[in-house]
*Asks:* 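Sharing a structure below in structure tokens format, with a few things to ask.
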Amino acid sequence: MLVEDSLVVRQLLAHIVSRDPRLALVAAVDSGEEALREIHRVQPDVISMDIRLPGIDGLETTRRIMAERPTPIVVVADAIEDSSLKISMNALRAGALSVVEKPVGTGHRAYEAIADQICTQLRIMSQVPVIRRRPIGAERLARTEPGRDEARTAPIPATQAPSVLAVAASTGGPPAFAKLLGALPADFSLPVLLVQHMGAAFMEGFADWLNGVVPLTVVIAREGVRPQAGHVYVAPGDRHLTLGPGGLLTLVDEPPVGGQRPSATLLFRSVARVAGPRGLGVLLTGMGEDGAAGLLDMHLAGAATIAEHESSAVVYGMPAAAVRLKAAGTVLPLDLIAPRVLRATQPGLAP
């Protein structure tokens, strides 16, 4: 189902979806109110959601859908409008799975690439199981008590006090980062290097949004910067972020790794090389296997490594790959990761 108030964009999206044999268009509506009425009738597998809608906007529509009839939602947003970006990030926090750029006209040189990205995201996200979300403010993670009990007893290996925290995620990453980093204090003792799989056009907006919802200072990573404690350095769109010689940030234009640029594996491997046992790696929710091999390198270098537990992950792909490789020293539900990170940074405190 397409939800888009602009007739021109709605028709363009309908054309893009209808020509893809993987997809079938069941409804195209121009408001959140109509989407909430139609969803029970057409029962879509996935929804393309505009953010700026008359009446109920896309954020509130997303919240209601996730509370009433959970359905995978892909936000289709204008990447150049700051206000739209912030609303899009909040929609991800409310339960939407990913955000993609709005399509350009058929005569634009980027048309085919953007159209393919939209269709691919819709197809992939249609396969993601989603859970009912309680209204914002009462939101909670789905998890099982056995998973929590196992997580509490899983130790972080004894190691040197960490000097840098590297974190990565893909699908479901923005709200997961908001929860993890939001639980760390403003005077957190480590710099944080972050990889999020997202379209390049959205990275500045993502960093700005995250900066507004967590106590730490969040910026886009720049070449040659020495990372400071209490700061989060987000990999820029379409460039790899690594920790280079002397502990300086380096941005790399190498080809994608496992289809991803920036790559979590390249970040983790660089931290393993430079920081060794003084690294701390966290791999969160995401589709695919990016990050698993790099987290293994960190684990073998003596660093503490954590993977998100299946009970809280939106998509248990990347952390599952790390668990299969035995790269994760600890496996924890999302809400227990920040306390464990803080414990690992305090020398002499039992893990």
Side-chain angles (χ1 to χ4, degrees), residues 59 62-63 66 75 82 85-99 131 133-143 148 151 156 162 164-198 202-221 227-235 264 267 280-286 291 304 306-309 311-315 318-319 330-346:
L59 172 56
T62 295
R63 288 172 176 164
M66 297 312 294
V75 172
D82 290 344
L85 282 171
K86 286 182 172 60
I87 298 172
S88 299
M89 294 303 122
N90 285 325
L92 294 180
R93 201 173 187 181
L97 294 178
S98 67
V99 57
I131 61 170
R133 295 289 191 101
R134 295 178 64 184
I136 206 81
E139 196 172 301
R140 60 195 171 103
L141 290 169
R143 53 182 173 261
R148 290 175 61 84
I156 288 181
V164 60
L165 169 62
V167 296
S170 184
T171 308
F177 284 131
K179 191 171 187 68
L180 168 60
L181 300 178
L184 301 179
D187 61 352
F188 182 57
S189 61
L190 305 180
V192 182
L193 311 185
L194 184 153
V195 163
Q196 165 67 48
H197 297 161
M198 186 180 290
F202 296 102
M203 294 312 300
E204 289 277 357
F206 166 63
D208 288 344
W209 170 80
L210 191 60
N211 186 56
V213 298
V214 305
L216 307 178
T217 299
V218 183
V219 297
I220 292 289
Q228 302 297 311
H231 287 63
V232 180
Y233 300 89
V234 177
L267 172 62
L280 175 56
V282 177
L283 187 57
L284 301 175
T285 174
I306 303 171
E308 184 177 354
H309 192 273
S311 59
S312 66
V314 173
V315 180
M318 288 161 51
T330 308
V331 181
L332 295 170
L334 181 61
D335 62 339
L336 297 184
I337 294 178
R340 188 58 64 94
V341 166
L342 289 170
R343 185 179 300 173
T345 65
Q346 300 173 29

*Asks:* Which residues pass the side-chain contact (heavy atoms from CB on, under 4.5 Å) test with A183, not counting sequence neighbours?
*Replies:*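 Listed in chain order: A338.
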*Asks:* In Å and rounded to the nearest 0.5 Å, what is the CG to CZ distance from L334 to F177?
*Replies:*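 Those atoms lie 10.0 Å apart.
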*Asks:* For the residue pair L165 and V192, establish whether any side-chain heavy-atom pair is separated by less than 4.5 Å.
*Replies:*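 With C-beta onward as the side chain, the pair touches.
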*Asks:* What closest approach, in Å, do A178 and W209 show between heavy atoms, and which atom pair accounts for it?
*Replies:*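 So the two residues come closest at CB-CH2, 3.9 Å.
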*Asks:* Are the side chains of M89 and M198 in contact, using a 4.5 Å heavy-atom criterion?
*Replies:*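 Contact flag for M198/M89 side chains = yes.
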*Asks:* Kindly indicate, with the supporting measurements, whether the criterion side-chain contact (heavy atoms from CB on, under 4.5 Å) is fulfilled by H231 and L216.
*Replies:* CA-CA 6 Å; H231 287 63; L216 307 178; over 6 Å; no
*Asks:* Report the C-alpha separation of L267 and L193 in whole Å, then their side-chain angles, then the decisive distance to 0.1 Å, and conclude whether the side-chain contact (heavy atoms from CB on, under 4.5 Å) test is met.
*Replies:* CA-CA 8 Å; L267 172 62; L193 311 185; 3.9 Å; yes
*Asks:* For a 4.5 angstrom cut-off between non-hydrogen side-chain atoms, does V315 reach L97?
*Replies:*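 No. Closest side-chain heavy atoms not under 4.5 Å.
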*Asks:* Got a sec, which residues hit side-chain contact (heavy atoms from CB on, under 4.5 Å) with S170, two or more places apart in sequence or on another chain?
*Replies:*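 H197, M318.
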*Asks:* Would you compute the distance between atom CD of E308 and atom CG of D335 and round it to the nearest 0.5 angstrom?
*Replies:*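 Going from CD on E308 over to CG on D335, the span is 9.5 Å.
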*Asks:* Show the nearest heavy-atom pair for residues G182 and V214, with the distance to one decimal.
*Replies:*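 It is N-CG1, 3.6 Å.
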*Asks:* With a 4.5 Å cut-off on side-chain heavy atoms, are L336 and H309 touching?
*Replies:*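 H309 vs L336: side chains apart.
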*Asks:* How close do L92 and P175 get, counting heavy atoms only, and between which atoms?
*Replies:*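 It is O-CG, 3.6 Å.
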*Asks:* A side-chain contact here means heavy atoms from C-beta on lying under 4.5 Å apart; do I306 and L332 qualify?
*Replies:*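 Of all side-chain heavy-atom pairs linking L332 with I306, at least one is under 4.5 Å.
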*Asks:* How would you list, by chain and number, every residue that makes a side-chain contact (heavy atoms from CB on, under 4.5 Å) with S189, sequence neighbours excluded?
*Replies:*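 Per chain and number, S189 pairs via side-chain contact (heavy atoms from CB on, under 4.5 Å) with T345.
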*Asks:* Sequence neighbours left out, what passes side-chain contact (heavy atoms from CB on, under 4.5 Å) with A168? Give chain and number order.
*Replies:*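 In terms of side-chain contact (heavy atoms from CB on, under 4.5 Å), with neighbours along the sequence ignored, A168 is linked to V195, A264, F268, L283.
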*Asks:* What I'd like to find out is whether the side chain of L284 reaches to under 4.5 Å of the side chain of P319, using heavy atoms alone.
*Replies:*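 In short, these two side chains do not touch, never coming nearer than 4.5 Å.
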*Asks:* Shortest non-hydrogen contact from I220 to A207?
*Replies:*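 Scanning both residues, the minimum pair turns out to be CD1-CB, 3.8 Å.
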*Asks:* Is any side-chain heavy atom of L194 closer than 4.5 Å to one of L210?
*Replies:*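 Yes, close enough: below the 4.5 Å cut-off.
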*Asks:* Might you point out which heavy atoms bring P162 and L190 nearest each other, and give the distance in Å?
*Replies:*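 Heavy-atom minimum between the residues: O-CD2, 3.1 Å.
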*Asks:* Is a side-chain N or O of T62 found less than 3.5 angstrom from the main chain of A94, in a donor-acceptor match?
*Replies:*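 Between the backbone of A94 and the side chain of T62 there is no qualifying donor-acceptor contact (under 3.5 Å).
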*Asks:* Do F188 and V341 have side-chain heavy atoms sitting under 4.5 Å apart?
*Replies:*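 Counting from C-beta outward, F188 and V341 do come under 4.5 Å.
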*Asks:* Identify the two heavy atoms, one from F206 and one from Q196, that lie closest to each other, and give their separation to 0.1 Å.
*Replies:*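 Shortest heavy-atom contact: CE2-CB, 3.9 Å.
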*Asks:* T285: which residues meet the side chain to side chain donor-acceptor pair (under 3.5 Å) condition with it, sequence neighbours left out?
*Replies:*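 T285 satisfies side chain to side chain donor-acceptor pair (under 3.5 Å) with no residue once adjacent residues are dropped.
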